[in-house]
Amino acid sequence: MKNNHKIIAANWKMNGSEELLKEFSQFVRAKHNDIIICPPFTLIDSAKAFLPSFIKIGAQNCSEEDKGPFTGEISASMLQEKNVSHVLIGHSERRILFKENDDVIFKKAEAAIKSKLTPIICIGETLSEKKSNETLKVLNYQINGSLAKINRCEKVIVAYEPVWAIGTGLTPDENEIKETHLYIKTKLDQHFNADTPILYGGSANAENCSHIISIENVGGLLVGGASLKTRDFTTICNC
Ligand code: PGA
């Protein structure tokens, strides 16, 4: 059965090329789902030029600052000038490798909203947190720290990405996805006026996408590795 109107977001990380964008432009077609591709900053102009207009373009990060002496940083207003519509905030690689905490993530989300971008705010537990049965406690902490201070009228997207599932080929089972997404939904419903889509991310691929996307309260997928394979990503876009 087809699930109407889900969000399929591709996180290319530090990968991709103009050739890949050209391939995507031939294969990826709009069906019922919203498609967002987040290439590296340097490919944003090419993505706008090569991809059909139904595909929205997102960035993978933005600064919490608007301008100034922040060597190497890119602000949300600069992304807005590039007609980017979405930006990933607080991906676990940023949290872990670049030491971004919930307060920084909140400030980045605020900067994105101020520049009229929709933040896709990522949350999720590590393997050791899962093993100590702390998944819901971690999600609670991350939501309180990075999301609950955002004005309740704003529109955001949340991506639940268990860190241990990212790039590993492992995924939570159906009950685990049900439980975490229901928990996140209940918390977000208490805070935001509008329904907040909750994407699942972590080893989503062409084989498991239809199943995962059909699970209750899963509003779509955030796809890393499989989003770099044109045919696989085309399948995922149509699941
Ligand atoms: P993966 O990555 O699909 O390769 O597991 C997901 C992500 O990091 O957003």
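Counting starts at 1 for both ligands and their atoms, in listed order.
By the side-chain contact (heavy atoms from CB on, under 4.5 Å) test, Glu73 pairs with Ser63, Phe70, sequence neighbours left out. Residues that satisfy the ring pair (Phe, Tyr, Trp, His ring centres under 6.0 Å) test with Trp164, not counting sequence neighbours, are absent from this structure.
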For residues 195-204, dump all side-chain donor-acceptor pairs below 3.5 Å to protein atoms at least two apart in sequence or in another chain.
unit_1: Tyr200; atom_1: OH; unit_2: Gly202; atom_2: O; d: 2.6
unit_1: Ser203; atom_1: OG; unit_2: Ala165; atom_2: O; d: 2.6
unit_1: Ser203; atom_1: OG; unit_2: Thr168; atom_2: N; d: 3.4
unit_1: Ser203; atom_1: OG; unit_2: Gly169; atom_2: N; d: 2.7

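No donor-acceptor contact under 3.5 angstrom links the side chains of Asn205 and Lys229, judged on distance only. With no hydrogens or angles considered, no side-chain donor-acceptor pair links Gln60 and His91 at under 3.5 Å.
Classification of Glu174 and Lys178 as a salt-bridged pair holds, one side-chain N sitting under 4.0 Å from a carboxylate O.
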May I have every N or O pair linking ligand 1 to the protein at under 3.5 Å, one per line with atom names and distance?
unit_1: ligand 1; atom_1: 3 (O); unit_2: Gly224; atom_2: N; d: 2.8
unit_1: ligand 1; atom_1: 4 (O); unit_2: Gly225; atom_2: N; d: 2.8
unit_1: ligand 1; atom_1: 5 (O); unit_2: Gly167; atom_2: N; d: 2.7
unit_1: ligand 1; atom_1: 5 (O); unit_2: Ser203; atom_2: N; d: 2.7
unit_1: ligand 1; atom_1: 8 (O); unit_2: Lys13; atom_2: NZ; d: 2.7
unit_1: ligand 1; atom_1: 8 (O); unit_2: His91; atom_2: NE2; d: 2.7
unit_1: ligand 1; atom_1: 9 (O); unit_2: His91; atom_2: NE2; d: 3.2
unit_1: ligand 1; atom_1: 9 (O); unit_2: Glu161; atom_2: OE1; d: 3.2
unit_1: ligand 1; atom_1: 9 (O); unit_2: Glu161; atom_2: OE2; d: 2.7

